[in-house]
Amino acid sequence: MRKNIVAGNWKMNNDLAQTEALLSNLKKQTKTSNAEVMVAPTFTNLYHAFEALRTTNIEVVAQNMHFAENGAYTGEISAAMLKSIGIQTVILGHSERREYFNETNPILAKKVNAALEKNMRIIFCFGEELSHRKSGNHEKIVEDQIKNALFHLKAPAFKNIILAYEPVWAIGTGETASPDQAQQMHAFIRKTLANQYGQETANNTSILYGGSVKPDNAQEIFSKPDVDGGLIGGASLNANHFFEIVNAF
Ligand code: PEP
């Protein structure tokens, strides 16, 4: 059965001292929901965060990785490097990676393969832009993103894949998809998975929503049957707010 998951994406925020303060506040929180909890610090603080949260039920995950195993890729980090410090899960395909670093679906497919080869879990992000939604193309865009980056995989690979639907127009804008818009898209994504891999794989795959989830809207979004959690940006930088969201299940 699929899991409920709440993951915090800290993006390029928090130096070491700020990370330490946030980690210490996170350790004071109490989880009352059944959701799995993850946080994604920046690379420089990844190992520190991993060590600090080792004894908690919060998993530390990476924000990105390269597809190559090693070699002449200045500034990049491989799956093997992440694994060597204990990281088991990586976010791939975030809209900021797609927009600012030109990550296309074929590049993401290579990253997905590299992560799976190392038996890592993937939070795979995708979502339409406002113009796509306005022109009624949002389902087609999302379907293409999923198909082109993931549908070369065999069904068993999906035990290591978590999907994160993040409409670009809702990320960091304060504008959320309405709970009904989220449910509609999540049901469409699950149907797309079922058509390709069968209902069992579709039912067992967690689909997270991301885009301006906050303590005051999390409960309503998470109450939708096909929404299995959230990928949280801004609100995850405050431990109290983040855990209000975690406990919204
Ligand atoms: C994100 O970056 O994945 C995100 C959803 O950000 P925010 O919650 O700030 O909209």
Side-chain angles (χ1 to χ4, degrees), residues 2-13 33 35-40 61 63-64 89-101 103 105 108 122-146 149-150 161-190 192-193 205-238 241-249:
R2 61 184 184 259
K3 295 170 181 153
N4 292 326
I5 298 168
V6 178
N9 174 13
W10 296 356
K11 312 192 184 187
M12 197 175 74
N13 292 299
S33 75
E36 250 188 60
V37 184
M38 305 175 184
V39 293
V61 311
Q63 295 179 18
N64 181 34
T89 304
V90 60
I91 298 172
L92 293 178
H94 193 280
S95 65
E96 288 149 18
R97 299 294 319 169
R98 293 176 189 260
E99 182 177 355
Y100 305 131
F101 302 95
E103 292 196 6
N105 292 320
L108 290 168
I122 296 163
I123 300 177
F124 184 77
C125 306
F126 53 88
E128 83 282 1
E129 291 172 24
L130 189 56
S131 60
H132 301 135
R133 185 159 279 269
K134 282 192 168 154
S135 62
N137 267 345
H138 45 295
E139 288 188 347
K140 173 84 180 92
I141 291 289
V142 160
E143 188 178 8
D144 284 350
Q145 286 171 324
I146 300 173
L150 299 178
I161 294 196
I162 299 155
L163 298 178
Y165 167 59
E166 299 205 298
V168 177
W169 48 272
I171 296 179
T173 58
E175 196 173 329
T176 23
S178 70
D180 285 340
Q181 281 175 320
Q183 167 56 26
Q184 212 167 30
M185 183 58 96
H186 282 225
F188 171 75
I189 295 162
R190 208 175 299 286
T192 305
L193 270 186
T205 302
S206 297
I207 309 176
L208 315 186
Y209 168 78
S212 298
V213 177
K214 308 280 179 221
D216 61 1
N217 60 21
Q219 197 162 20
E220 206 187 342
I221 296 172
F222 293 168
S223 71
K224 295 295 175 187
D226 286 294
V227 177
D228 308 310
L231 182 55
I232 319 298
S236 71
L237 295 171
N238 177 304
H241 293 172
F242 183 56
F243 263 74
E244 278 180 57
I245 296 170
V246 168
N247 291 330
F249 270 107

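From a predicted model like this one, the values you see are computed outputs, not experimental measurements.
Annotation: E220, atom CD; neighbour count of heavy atoms from other residues, nucleotides and ligands within 6.0 Å does not exceed 12. The environment of Q184 atom CD is sparse: at most 12 non-hydrogen atoms of other residues, nucleotides or ligands sit within 6.0 angstrom.
The CD1 atom of I5 sits 3.5 Å away from atom CD1 of I162, with the distance rounded to the nearest 0.5 Å. Expressed to the nearest 0.5 Å, how far NZ of K134 lies from CD of E129 amounts to 12.5 Å. To the nearest 0.5 Å, atoms CD (E128) and CG (N137) are separated by 10.0 Å. Separating the CD1 atom in I245 from the NZ atom in K214 is a distance of 7.5 Å, to the nearest 0.5 Å.
You'll find the side chain of N4 stays beyond 4.5 Å of the side chain of S33, heavy atoms only. Counting heavy atoms from C-beta outward, D144 and N105 have side chains that stay 4.5 Å or more apart. In this structure, the side chains of M12 and E96 stay at 4.5 Å or more apart for every pair of heavy atoms. In this structure the side chain of T89 never reaches within 4.5 angstrom of the side chain of E36, judged on heavy atoms. H241 has its side chain out of reach of I232: every pair of non-hydrogen atoms, C-beta onward, lies at least 4.5 Å apart. I91 is listed as a side-chain neighbour of C125, based on a closest heavy-atom distance under 4.5 Å. For the pair V213 and V6, the minimum side-chain heavy-atom distance is 4.5 Å or more. When side chains are defined from C-beta on, P179 does not count as touching F222, because their heavy atoms never get closer than 4.5 Å.
A perpendicular orientation is assigned to the rings of H186 and Y165, their planes being inclined by more than 60° (bins at 30° and 60°).
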